[in-house]
Amino acid sequence: MTVHEGTCHCGAISLQLRDQPTGVSECNCSICRRIAGLWHYCRPEVVTITGDAIGYSHGDRTLTTWHCGVCGCTTHWTAIDPAYRKMGVNLRMFDHALWQGLPRTLVDGASF
Ligand SMILES: [Zn+2]
């Protein structure tokens, strides 16, 4: 099992990803285009978040986007509905060697 460790800039929030990204997703929805996240979508079971992230929900409130209250980095998003078994991890919190060479997919979140 490959385990990747990431943190926000100040280190208050750490992320452990027990999954191997093979591509990254960029989204043009109203929040993703502002925070410039590079998302790895996965099941919540493969991610461990340590630290007190601050949640932000808006619009139709299907997702909570989480960020560090100290340095402001957006670390991940989770579904508000616990039956939705998918979350997004911002790979920018991880070493660039993990993600910079991976193919990028544009997710047209602005259209749905
Ligand atoms: Zn931080």
Side-chain angles (χ1 to χ4, degrees):
M1 173 73 71
T2 306
V3 179
H4 300 288
E5 307 275 353
T7 67
C8 65
H9 192 261
C10 74
I13 298 173
S14 57
L15 305 93
Q16 186 189 69
L17 175 63
R18 296 175 296 281
D19 200 8
Q20 184 62 47
T22 55
V24 297
S25 295
E26 295 183 272
C27 177
N28 62 0
C29 82
S30 60
I31 186 160
C32 289
R33 74 169 192 258
R34 287 178 166 85
I35 65 175
L38 283 179
W39 303 114
H40 172 68
Y41 303 135
C42 56
R43 290 174 297 111
E45 293 80 16
V46 303
V47 180
T48 302
I49 307 288
T50 307
D52 293 322
I54 297 172
Y56 171 70
S57 300
H58 71 109
D60 56 4
R61 294 183 173 274
T62 56
L63 302 178
T64 302
T65 304
W66 298 91
H67 68 274
C68 174
V70 180
C71 69
C73 292
T74 298
T75 51
H76 63 293
W77 60 258
T78 54
I80 289 173
D81 180 356
Y84 187 74
R85 306 305 295 159
K86 188 169 151 183
M87 67 176 286
V89 174
N90 189 358
L91 291 182
R92 290 192 190 275
M93 301 305 111
F94 294 76
D95 193 287
H96 58 82
L98 176 65
W99 51 264
Q100 70 180 4
L102 297 179
R104 298 190 182 194
T105 301
L106 179 64
V107 179
D108 189 15
S111 298
F112 54 80

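Starting from 1, each residue takes its place in the sequence as its number. Everything numeric in this text was worked out from a predicted model, so none of it was measured.
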* Report the C-alpha distance between Thr74 and Arg92 in whole Å, list the side-chain angles of each, state the deciding distance to 0.1 Å, and finish with yes or no for side-chain hydrogen bond (donor to acceptor under 3.5 Å, both in side chains). => CA-CA 9 Å; Thr74 298; Arg92 290 192 190 275; over 6 Å; no
From [X] atom [atom1] to [Y] atom [atom2], the distance as rounded to the nearest 0.5 Å:
{"X": "Asn28", "Y": "Arg33", "atom1": "CG", "atom2": "CZ", "value": "8.0 Å"}
{"X": "Asp95", "Y": "Thr7", "atom1": "CG", "atom2": "OG1", "value": "10.5 Å"}
{"X": "Ile49", "Y": "Ile13", "atom1": "CD1", "atom2": "CD1", "value": "8.0 Å"}
{"X": "Leu106", "Y": "Ser25", "atom1": "CG", "atom2": "OG", "value": "9.0 Å"}
{"X": "Gln16", "Y": "His4", "atom1": "CD", "atom2": "NE2", "value": "10.5 Å"}
{"X": "Leu63", "Y": "Ile80", "atom1": "CG", "atom2": "CD1", "value": "7.0 Å"}

* Would a distance-only check, ignoring hydrogens and angles, find a side-chain to backbone donor-acceptor pair under 3.5 Å from Arg104 to Gly101? ->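 No; judged by distance alone, with no hydrogens or angles, the pair does not exist.
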Taking all atoms of both residues into account, what is the closest heavy-atom pair of [X] and [Y], and its distance?
{"X": "Tyr84", "Y": "Ala79", "answer": "CD2-CB, 3.3 Å"}
{"X": "Met93", "Y": "Cys8", "answer": "SD-CA, 3.8 Å"}
{"X": "Thr48", "Y": "Arg18", "answer": "OG1-NH1, 2.8 Å"}

* **Flag if over 12 foreign heavy atoms under 6.0 Å of CG, Asp52** => no
Check the hydrophobic clustering (I, L, V, M, F, W, Y; side-chain heavy atoms under 4.5 Å; chains of links allowed) and say if [X] and [Y] are grouped together.
{"X": "Val107", "Y": "Ile31", "value": "yes"}
{"X": "Ile35", "Y": "Tyr56", "value": "yes"}
{"X": "Leu102", "Y": "Leu17", "value": "yes"}
{"X": "Val46", "Y": "Trp99", "value": "yes"}

* To do: Flag the pair Met87 / Val89 as yes when at least one side-chain heavy-atom distance between them is below 4.5 Å, and no otherwise.
  => yes
* **Side chains of Asn90 and Leu15 in contact at under 4.5 Å (non-hydrogen atoms)** => no
* To do: Determine, stepwise, if the pair Leu38 / Glu26 fulfils side chain to side chain contact (heavy atoms under 4.5 Å, CB included).
  => CA-CA 5 Å; Leu38 283 179; Glu26 295 183 272; 3.3 Å; yes
* **Test side chain to side chain contact (heavy atoms under 4.5 Å, CB included) applied to Cys68 and His9, step by step** => CA-CA 9 Å; Cys68 174; His9 192 261; over 6 Å; no
* Test side chain to side chain contact (heavy atoms under 4.5 Å, CB included) on Leu98 and Gln20 and set out the steps. => CA-CA 9 Å; Leu98 176 65; Gln20 184 62 47; 4.0 Å; yes
* Residue pair Val47, His76: steps toward the side chain to side chain contact (heavy atoms under 4.5 Å, CB included) verdict -> CA-CA 10 Å; Val47 180; His76 63 293; over 6 Å; no
* Side chains of Ser57 and Thr64: donor-acceptor distance under 3.5 Å anywhere? -> yes
* How are the rings of Trp77 and Trp39 set to each other: parallel, tilted or perpendicular (split at 30° and 60°)? -> perpendicular
